2 protein chains.
Amino acid sequence: MANIKEIARISGVSVTTVSRVLNNHPYVSDDKRNAVLNTIEQLNYRRNMNAVHLITGRTKSVAVIMPLIRIYYFSIIMEGLAQEALLAQYRLVLCQTNYRPEEELKVLEMLRNKEIDGVVIVSTSLKPEVIEEYTAYGPIVTCQNSGESRFSSVYIEHYAAFRHGLQYLADKGYRSIGYCDGRKHGSSSSIRQSAFRDFHRESGLPLHEEWMIFDCLNEEHGAALLHRLSAMEERPEAIIVAGDHVAAALMIEAGKQGIRIPEDLAVIGFDNQPIGKLLGLTTIDNKLFEMGAAAFQTIHEQIHGDGGSQPVHRKLDYELIERSSV
Amino acid sequence: MANIKEIARISGVSVTTVSRVLNNHPYVSDDKRNAVLNTIEQLNYRRNMNAVHLITGRTKSVAVIMPLIRIYYFSIIMEGLAQEALLAQYRLVLCQTNYRPEEELKVLEMLRNKEIDGVVIVSTSLKPEVIEEYTAYGPIVTCQNSGESRFSSVYIEHYAAFRHGLQYLADKGYRSIGYCDGRKHGSSSSIRQSAFRDFHRESGLPLHEEWMIFDCLNEEHGAALLHRLSAMEERPEAIIVAGDHVAAALMIEAGKQGIRIPEDLAVIGFDNQPIGKLLGLTTIDNKLFEMGAAAFQTIHEQIHGDGGSQPVHRKLDYELIERSSV
DNA sequence: GCTTGCTCTGGTATCCATTTCATATTTTAC
DNA sequence: GTAAAATATGAAATGGATACCAGAGCAAGC
């Protein structure tokens, strides 16, 4: 396999000149440029990018940490990231961690080993202090509100969005509201829990502990959720569900059971998933695609900010989409 | 930043010995090994992986070509790939091409540039001959039946699976069958079209051209599909739909319109998506997760097969899951 | 006593491009 | 006409690891 030295020898120029041609530098005469291009063509030569990575200290690639790619929430963020990465001609290394912290650490080590130029952490179970240690090796952006951390973040105000949903239900006259979420101790679900409790304390509406239901991750859990609600002696008039796919499953199951929505049970979801639109599910759109895109833009700016750039914290807007489930 | 030379100098050994320690080679005495490990610890040293990639000619990473990651079909394959990549300690570079052939070519060029060790092509619009040219630079695996190509493949028998579904409908007594698919000229939808026509020719059942409907990619198209069927003078008794999410949307819309399933319209879907299970949709499970996993295993074997290995073509099983929509 | 094989170590070549510095020539500016 | 700036070129240093080869020391086998 040919290398730059051979191209230089055959073209009758120095390797420097070949390098200049490869990188479109000015100050190369037309005849030498053509000689080099001809040789490249003839030998079917391509640069060995690993050598470029070594000498430049850059790889034009960014790692993305997320637990499971098949989950709509994550796949749509990934799509936003991928769109921007394509524009910027960057590669995305998908690191699916299955919620295992040791795998997350391995990715951060990649940053240290110079395999990648930056890391986008979509969801993490690592402590902020641990992540902060790695900011010395390159830019890091999380998709969670990280407060005043030394790494950047691009985030939705889960607290405000959730309270907005609750207030919307209250304004519509619902006096008893249930809440359903995924993993109980996830970082954004903790925020939603606080929002739920704060809202009830401040509004004076009754809060039943049994109306807070966790571990609703998929469609089957959504269906089970409806049965659980049906079996309650006192059932809430409305429910706010983190994840449209779970809310949709609940609505479909409600249809089977003859429970009318919103008359018997009002439902509000999150993420504005396609299935929710079809079912007329009122939802809070977290603009996940935009979040992915913004996360990439941020990491891209930081990579080109020559290291001295300060962390940025970008808050993104959400939007309540009114349909017919409330 | 420290390098191997400095570690060697401070530890009082040669760079070779340091390298051996880093790579867990035998034939290093305990005291030298400890001296090296101590220095590494003290200087907080990490290998520069780009140097390793350059000298070894390997990067332990594989690129994945797919059009859109948010589509369930693709995200579940990606999850299968990611699971196996995690086990093998390989990185996955996600290349979302938005169906643009020039982006696919860029990824194949990466193989030539030695940025990656192999390519998994989940869906492509490139001609097999074009892909074959790149087999000289490293292993390539597609997730489409590529016949006797010089690159490997891991595939579902779309033809057989589709005919199985059609035969199942015929066996249940349906005499008029419609068909709905995504992009008309996609490689797997072409196969399904042939299967549809062949089945009708051989079974003698009537085939109406207006019962073959294309460009049904998402939930909205699924809902529109139902309206299109409703508006037909002569409507098929059953429909086979490529993609459970489209079939599910059709079912939900049918529910709204008072069209009973399967009495007024039988439906059979593909991919065994969660929403279909909830709706009682009979479907053909293409085992997409397993396909992703198998694709990674195949590329992994080829990478470690020292280049001389022949292409393999692995056929995967599908499974008809009977529920209540037929 | 001699050969063989295993353990341990290091020097040097190698992977392949970019970057800096030095130098030569040509053009522009006043 | 001369100084300054722009253009054009190449030699050598650089990034940081691994691979190959050579050689020393030591034990076992005959």
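Residue numbers begin at 1 in each chain, while the letters A, B, ... track the order of the sequences. Since this is a predicted model, take the numbers as computed values, not measurements. The basis for the numbers below is simple: all heavy atoms, side chains too, and nothing from hydrogens, waters or symmetry mates.
- Residues from residues 24-42 of chain B lying near DNA chain C, meaning a heavy-atom separation below 4.0 Å, are B:Y27, B:V28, B:S29, B:K32 in numerical order.
- For the pair B:N23 CG and D:dA17 C1', the interatomic distance rounds to 9 Å; values are reported in whole Å.
- OP1 or OP2 of D:dG10 sits under 4.0 Å from a side-chain N or O of A:T17.
- Taking atom CG on A:N48 and atom C1' on C:dT18, their separation rounds to 13 Å, with Å as the unit.
- For C:dG11, the OP1/OP2 oxygens have no side-chain nitrogen or oxygen of B:S14 closer than 4.0 Å.
- For B:E115, the salt bridge (Lys or Arg N to Asp or Glu O under 4.0 Å) criterion is met by A:R91, not counting sequence neighbours.
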Tell me which donor-acceptor pairs under 3.5 Å the side chains of residues 77-89 of chain B have, and how far apart each pair is, sequence neighbours excluded?
from: B:E79; atom 1: OE1; to: A:R70; atom 2: N; distance (Å): 3.2
from: B:E79; atom 1: OE1; to: A:Q96; atom 2: NE2; distance (Å): 3.4
from: B:E79; atom 1: OE2; to: A:R70; atom 2: NH1; distance (Å): 2.7
from: B:E84; atom 1: OE1; to: B:Q297; atom 2: NE2; distance (Å): 3.2
from: B:Q89; atom 1: OE1; to: A:K106; atom 2: NZ; distance (Å): 3.2

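- Between the NZ atom of A:K5 and the C1' atom of C:dT18 there is a distance of 15 Å, given to the nearest Å.
- Listed by chain and number, the residues in a side-chain hydrogen bond (donor to acceptor under 3.5 Å, both in side chains) with B:N24 amount to none (sequence neighbours excluded).
- Within a 6.0 Å radius of CG in A:D31, other residues, nucleotides and ligands contribute more than 12 heavy atoms.
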Between the protein and nucleotides 20-25 of chain C, list every N/O to N/O distance that falls short of 3.5 Å.
none

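- Contacts of A:C95 classified as side chain to side chain contact (heavy atoms under 4.5 Å, CB included), with partners at least two apart in sequence or in another chain: A:A63, A:V93, A:V107.
- Under the side-chain hydrogen bond (donor to acceptor under 3.5 Å, both in side chains) criterion, B:Y134 pairs with B:E109, sequence neighbours left out.
- Side chain of A:S189 to backbone of A:R183: a donor-acceptor contact under 3.5 angstrom is found.
- Residues satisfying the side-chain hydrogen bond (donor to acceptor under 3.5 Å, both in side chains) criterion with A:R9, sequence neighbours excluded, are absent altogether.
- When heavy atoms are screened at a 4.0 angstrom cut-off, B:V13 is found touching the sugar-phosphate backbone but no base atom.
- Here B:R314 pairs with B:T298 under the side-chain hydrogen bond (donor to acceptor under 3.5 Å, both in side chains) rule; sequence neighbours left out.
- Annotation: side chain to side chain contact (heavy atoms under 4.5 Å, CB included) contacts of B:H313 (sequence neighbours excluded): B:S146, B:S149, B:S153, B:Y155, B:P311.
- Scored by the side chain to side chain contact (heavy atoms under 4.5 Å, CB included) test, B:V52 finds B:R47, B:M49, B:T56 as partners (sequence neighbours excluded).
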Would you tabulate the pairs of protein nitrogen or oxygen atoms and nucleotide nitrogen or oxygen atoms of nucleotides 22-28 of chain D closer than 3.5 angstrom?
none

